[in-house]
Amino acid sequence: MKPKVQVHLWSALRRHTGGAEVVEVEAATTGQVLEALTDAYPGLGPMIEAGVSVAIDGRIYATSLTEAVGPENEIFILQRIKGG
């Protein structure tokens, strides 16, 4: 069974979650977080597929889908951060 984690969303995503800034999903990795968000809130799918970054306890992951997450982590979904 996957742990339940709380995920903070940037403002543009909240219209797809009924205005909720924080949602709870079952996930053990960053990839599972994104999949669970899309399953629970289908309107998020296009924005997630277009590319997002995931911040875990202040560290930002732009491409990794295998980073571990748990209930103790602070998780934020952010607009994709690109290097330059």
Side-chain angles (χ1 to χ4, degrees):
M1 185 169 159
K2 299 173 194 165
K4 288 187 178 184
V5 297
Q6 290 191 340
V7 182
H8 300 258
L9 306 171
W10 91 80
S11 59
L13 298 181
R14 296 176 198 160
R15 64 186 164 145
H16 301 291
T17 62
E21 179 181 348
V22 180
V23 296
E24 190 171 80
V25 296
E26 292 183 0
T29 65
T30 50
Q32 290 175 1
V33 166
L34 298 178
E35 183 179 327
L37 285 171
T38 301
D39 289 347
Y41 306 97
L44 294 177
M47 295 182 89
I48 289 174
E49 289 172 18
V52 296
S53 294
V54 180
I56 305 168
D57 297 333
R59 184 163 182 195
I60 298 171
Y61 301 90
T63 58
S64 177
L65 298 177
T66 59
E67 298 300 321
V69 297
E72 71 282 0
N73 296 120
E74 186 176 56
I75 304 164
F76 284 81
I77 303 299
L78 311 167
Q79 289 180 303
R80 163 96 15 111
I81 297 176
K82 300 177 182 178

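- With contacts defined as side-chain heavy-atom distances shorter than 4.5 Å, the pair Val52/Arg80 does not qualify.
- A distance of 15.5 Å separates CZ in Arg59 from CD in Glu74, rounded to the nearest 0.5 Å.
- The cluster map of Ile, Leu, Val, Met, Phe, Trp and Tyr, joined by side-chain heavy atoms under 4.5 Å apart, puts Leu9 and Val22 in different clusters.
- Atom CG of Leu37 and atom CD of Gln32 lie 12.0 Å apart (nearest 0.5 Å).
- In this structure, Thr30 contributes its side chain and Ser64 its backbone to a donor-acceptor pair below 3.5 Å.
- Residues passing the side chain to side chain contact (heavy atoms under 4.5 Å, CB included) test with Ala40: none are found, sequence neighbours excluded.
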Open item on the list: Checking Glu67 against Val54 for the side-chain contact (heavy atoms from CB on, under 4.5 Å) test, could you report, in this order, the C-alpha distance in whole Å, the side-chain angles of both residues, the deciding distance, and whether it holds?
Closed with: CA-CA 10 Å; Glu67 298 300 321; Val54 180; over 6 Å; no

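- A search for side chain to side chain contact (heavy atoms under 4.5 Å, CB included) contacts involving Asn73 returns Ile56, Asp57, Val69, Ile75, not counting sequence neighbours.
- For the pair Ser11/Arg14, a side-chain contact is recorded, criterion being any heavy-atom separation below 4.5 Å from C-beta on.
- The ring pair (Phe, Tyr, Trp, His ring centres under 6.0 Å) contacts involving residues 9-59 comprise nothing, where partners must be two or more places apart or lie in separate chains.
- Summarising the geometry of Ile60 relative to Ser53, their closest heavy-atom pair is CG2-CB, 3.8 Å, with the distance given to 0.1 Å.
- In this structure, Ile77 and Val33 have side chains that are in contact, with non-hydrogen atoms separated by less than 4.5 Å.
- When all heavy atoms of Pro71 and Val5 are compared, the pair lying nearest together is N-CG1, 3.8 Å.
- Rounding to the nearest 0.5 Å gives a distance of 10.5 Å between CD1 of Ile48 and CD of Glu35.
- A side chain to side chain contact (heavy atoms under 4.5 Å, CB included) with Leu13 holds for exactly one of His8, Met47, Glu21; it is Met47.
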